[in-house]
Amino acid sequence: MEQTTHQALRPALLAGLDGLLAVLEPERAGDHRFRFAPDPDRWPDRVFGGQLLAQAIVAASATTPGKVPLSVHAAFVRAGTPGQAVEAVVDPVRDGRTFATRQVTLLENGRTVLTAIVTGHAGGEPEGDAVPDDGSVPLPSPDDTPSIQDWARRLPGDVAGYGRHWIERPPAVEIRMAEAPCFLDGPPPGRARSHWMRAPRDLGPDPVRNAAVLAYASDFLLMDMVFHAHPAAGGAGGCNGLSLDHAIWFHRPVTFGQWHRHAQEAAVITGPRGLVRGTVHDAGGRLAATVAQEVLVLPAGTR
């Protein structure tokens, strides 16, 4: 893919990251309570679930100084409303020398939108890995891989609207894929599919910020794997979906300003539900995180 295409996208990506980081700054609102500013209204009808995951991690970590995120297990209770502030209520379930556990409830106008268990730990870089190959198809280098915006530009006129906002208001993360996703009229993948992802600039040394933005990025394209695999789904605009829950385990500190490869696979389809697994490796091939999400598939035009 031509380098000029990626360069032209960069200002919008940086603006998206600035918007995300602004809503990941917790304002203390009481004992174990925090307020997050309204989201930058990237999506017209909902708050992106990855943003809520990131806010839960930041809120929990604000009450566990000296510890870094280890895992988050979250349930999406209801869709958030764009433009509304979010309040985080943190319950200090347990504090230990090595591990700390927090229950985080995110509220919008007093109504729960997400509840999560977040674990932190006082640990450093692990000494080694013993992980088998994830079985995904190898990717070209990021410089030789089209961006998701490149695929959106190729949509024919009758479905071009499904990809327009990816170009006009790109998310706060660079995504490069060797094939178009289902919602951009791509072909069915094999058992697994991978894409490159990173923040569009360095995030600094803060391990919480890097983990939170990786968690945000981990929510992209998991649902698309279910759309590919589900017998009731179609191509672009063929169905809708909702994320029911999301789990992520951090295996090492991450530097998310550098490229990471997210390998995803649809593990099972049960009626309208599908479970997707993901593994996130850094550019050196080290396993950085493991992801799982359950998705509910809905007919097109429903929510």
Side-chain angles (χ1 to χ4, degrees), residues 1-2 5-6 8-9 12-13 16 42-43 48-50 134-198 216-243 259-269 272-281 291-302:
M1 187 52 55
E2 296 180 3
T5 303
H6 299 320
L9 188 64
L13 286 166
R42 165 167 159 67
W43 305 99
F48 180 54
D134 58 22
S136 61
V137 177
L139 271 177
S141 71
D143 288 341
D144 296 325
T145 305
S147 70
I148 196 168
Q149 288 78 22
D150 292 319
W151 293 114
R153 289 187 183 97
R154 301 179 188 186
L155 281 178
D158 57 336
V159 291
Y162 294 111
R164 187 175 299 120
H165 74 276
W166 286 86
I167 299 171
E168 297 172 350
R169 299 200 67 184
V173 60
E174 290 187 76
I175 298 174
R176 299 189 185 178
M177 310 179 67
E179 61 184 39
C182 175
F183 70 90
L184 295 182
D185 213 26
R191 180 170 175 265
R193 184 183 68 194
S194 297
H195 64 269
W196 292 109
M197 61 181 189
R198 71 174 178 184
Y216 165 87
S218 76
D219 196 23
F220 284 107
L221 301 171
L222 292 167
M223 191 179 298
D224 193 69
M225 295 302 294
V226 174
F227 288 172
H228 271 300
H230 200 282
C239 61
N240 287 334
L242 296 173
S243 301
W259 286 112
H260 286 68
R261 180 174 62 87
H262 193 178
Q264 304 173 338
E265 64 173 346
V268 64
I269 303 293
R273 294 177 292 116
L275 179 69
V276 187
R277 293 188 294 244
T279 54
V280 180
H281 290 76
V291 180
Q293 184 179 98
E294 189 170 40
V295 171
L296 179 67
V297 176
L298 301 171
T302 63

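Note: hydrogens, waters and symmetry copies are ignored here, and every other heavy atom, side chains too, is used.
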Side-chain donor/acceptor of Asp185 to backbone N/O of Ala180, under 3.5 Å: no
message: Nearest 0.5 Å, please: how far is CZ in Arg261 from NE2 in His281?
response: 6.0 Å
query: Taking Arg176 for the side chain and Pro142 for the main chain, is one N or O donor matched with an acceptor at less than 3.5 Å?
result: yes
message: Taking side chain to side chain donor-acceptor pair (under 3.5 Å) as the definition, give me every residue that meets it alongside His260, ordered by chain and number, with sequence neighbours left out.
response: none
query: What are the two closest non-hydrogen atoms of Phe227 and Cys182, and how far apart are they?
result: CB-SG, 3.8 Å
- prompt: Minimum heavy-atom separation for Gly16 to Ala172, with atom names?
  reply: O-CB, 3.3 Å
Nearest-0.5 Å distance that lies between atom CG in Leu139 and atom CG in Asp144: 11.0 Å
task: Would you please test Val291 and Val280 for side chain to side chain contact (heavy atoms under 4.5 Å, CB included) and show each step?
output: CA-CA 8 Å; Val291 180; Val280 180; 4.3 Å; yes
message: Using side-chain heavy atoms (C-beta onward) and a distance below 4.5 Å, is Met223 in contact with Val276?
response: no
task: Please state whether the rings of Trp259 and Trp196 are parallel, tilted or perpendicular, taking 30° and 60° as the class boundaries.
output: perpendicular
- prompt: Any idea which heavy atoms bring Pro171 and Leu13 closest together, and the distance?
  reply: O-CD2, 3.4 Å
field: Distance, nearest 0.5 Å, that separates CD of Gln293 from CG of Leu275
entry: 9.0 Å
query: Which one of Met197, Arg193, His262 satisfies the side-chain contact (heavy atoms from CB on, under 4.5 Å) criterion with Leu221?
result: Arg193
field: Minimum heavy-atom distance between Val173 and Ala217, given as atom pair plus value
entry: CG2-CB, 3.8 Å
field: pair Leu184-Ile148: side-chain heavy atoms closer than 4.5 Å
entry: yes
task: Identify the heavy atoms of Ala178 and Thr145 that sit nearest to each other, and give their distance.
output: N-CG2, 3.6 Å
query: So do the side chains of Met177 and Asp150 get within less than 4.5 Å of each other, counting heavy atoms only?
result: no
task: Would you name the heavy atoms of Ser147 and Leu9 that are closest together and state the gap between them?
output: OG-CD2, 4.4 Å
field: Side chain proximity check, Trp151 to Trp166, heavy atoms < 4.5 angstrom
entry: no
field: Set of salt bridge (charged side-chain N to carboxylate O under 4.0 Å, His left out) partners for Asp219, sequence neighbours left out
entry: none
